[in-house]
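Notes to accompany the following structure.
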Amino acid sequence: MNLREKKAMQKKEAIMKAAISVFAEKTYQGATLEDVAQRLLMTKGAVYYYFKDKQDLLYQSQVYLLENSLNNIAEIEESDLPAEEKVSQAISQHIEYVIHERTGFESMLSSESILSNEQYEHILRLQNGYEKHFDELIQEGITQGVFIQADIKIVRNLILGAMNWLMHWYSEGGKKSKHELSKMIAFYLMRMVLKTPNDQVES
DNA sequence: CATCGCATAAGAATCATCAA
DNA sequence: TTGATGATTCTTATGCGATG
């Protein structure tokens, strides 16, 4: 990727981030591309230079968020941390990202009706890919004997469900920083799968 | 009251054109 | 040549009075 392409990517990223927050504030239908453009002190013509149309902007924004999540978890998976630590990190990192880009993830829930089938299917594939990474991390813990013999799918959905529900109750003004909070939640969720001393004795 | 037709507005998308 | 502009055209939604 040459310099020019990198620059263009940065610009696209900036537009996508602006779009995510504008869509979150005014809803997709309620927001105009002028709103998005104004946030970056550009004109809507410039937005059309980078994106085919409004729907394309929404689609690419969501792909962008998901791909970032995927990269994050893949990085953790490839690291040489103990399995227990990997899952714990994946959880707290997911939480911090969801809080950080809360608005974008919220709108992902309602985008099914807006995006084309192909677009939505691609989003789903990315989500599945993310879940798969999570499953692999959990499996690792089980194989290494630090987690209980759990049903991976159920455990994964419980963890993801708990994390994604967070965006409904999290508030900026809370006492805990998002870092503290994510660590706490990771701690609680981990207890669902971690072996306790009792488990160790049995097996 | 329902609805038809029309005016108006707002937003989406295109296009000629410009500056760096 | 590329990125960006802003005027424009196209499209859709909204209001609203006239008409049956």
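Side chains included, hydrogens not; waters and symmetry mates left out as well; all remaining heavy atoms used.
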Counting primed atoms, P, OP1 and OP2 as sugar-phosphate and everything else as base, the B/S/- map of nucleotides 9-14 of chain B against protein heavy atoms under 4.0 Å is --SSBB
Going by atom types alone, do A/Asn72 and A/Tyr97 pair a side-chain donor with an acceptor below 3.5 Å?
no
Is A/Tyr49 near enough to C/dT5 that one of its side-chain N or O atoms lies under 4.0 angstrom from OP1 or OP2?
no
Counting distance only, does the side-chain N/O of A/Lys86 pair as donor-acceptor with the main-chain N or O of A/Ser79 below 3.5 Å?
yes
Determine, using the 4.5 Å side-chain heavy-atom cutoff (strictly less than), whether A/Met192 and A/Met184 are members of one ILVMFWY cluster.
no
With a 4.5 Å limit on heavy-atom distance, are the side chains of A/Thr32 and A/Val36 in contact?
no
Just checking, A/Lys12 and A/Phe51: is the charged tip under 6.0 Å from the six-membered ring centre and within 45° of the axis?
yes
Does NZ or CZ of A/Lys195 come closer than 6.0 Å to the centre of the six-membered ring of A/Phe147, within 45° of the ring's axis?
no
Decide whether A/Ile148 and A/Val155 are clustered together by the hydrophobic rule: side chain heavy atoms of Ile, Leu, Val, Met, Phe, Trp, Tyr closer than 4.5 Å, transitively.
no
Can you confirm whether more than 12 heavy atoms, excluding those of A/Glu75, are under 6.0 Å from its CD atom?
no
Using atom CE of A/Met9 as one end and atom P of C/dG3 as the other, report the distance to the nearest whole Å.
14 Å
Roughly what angle, to 10°, lies between the helix axis at the start of the helix from B/dC1-C/dG20 to B/dA20-C/dT1 and the one at its end, five pairs per end?
10°
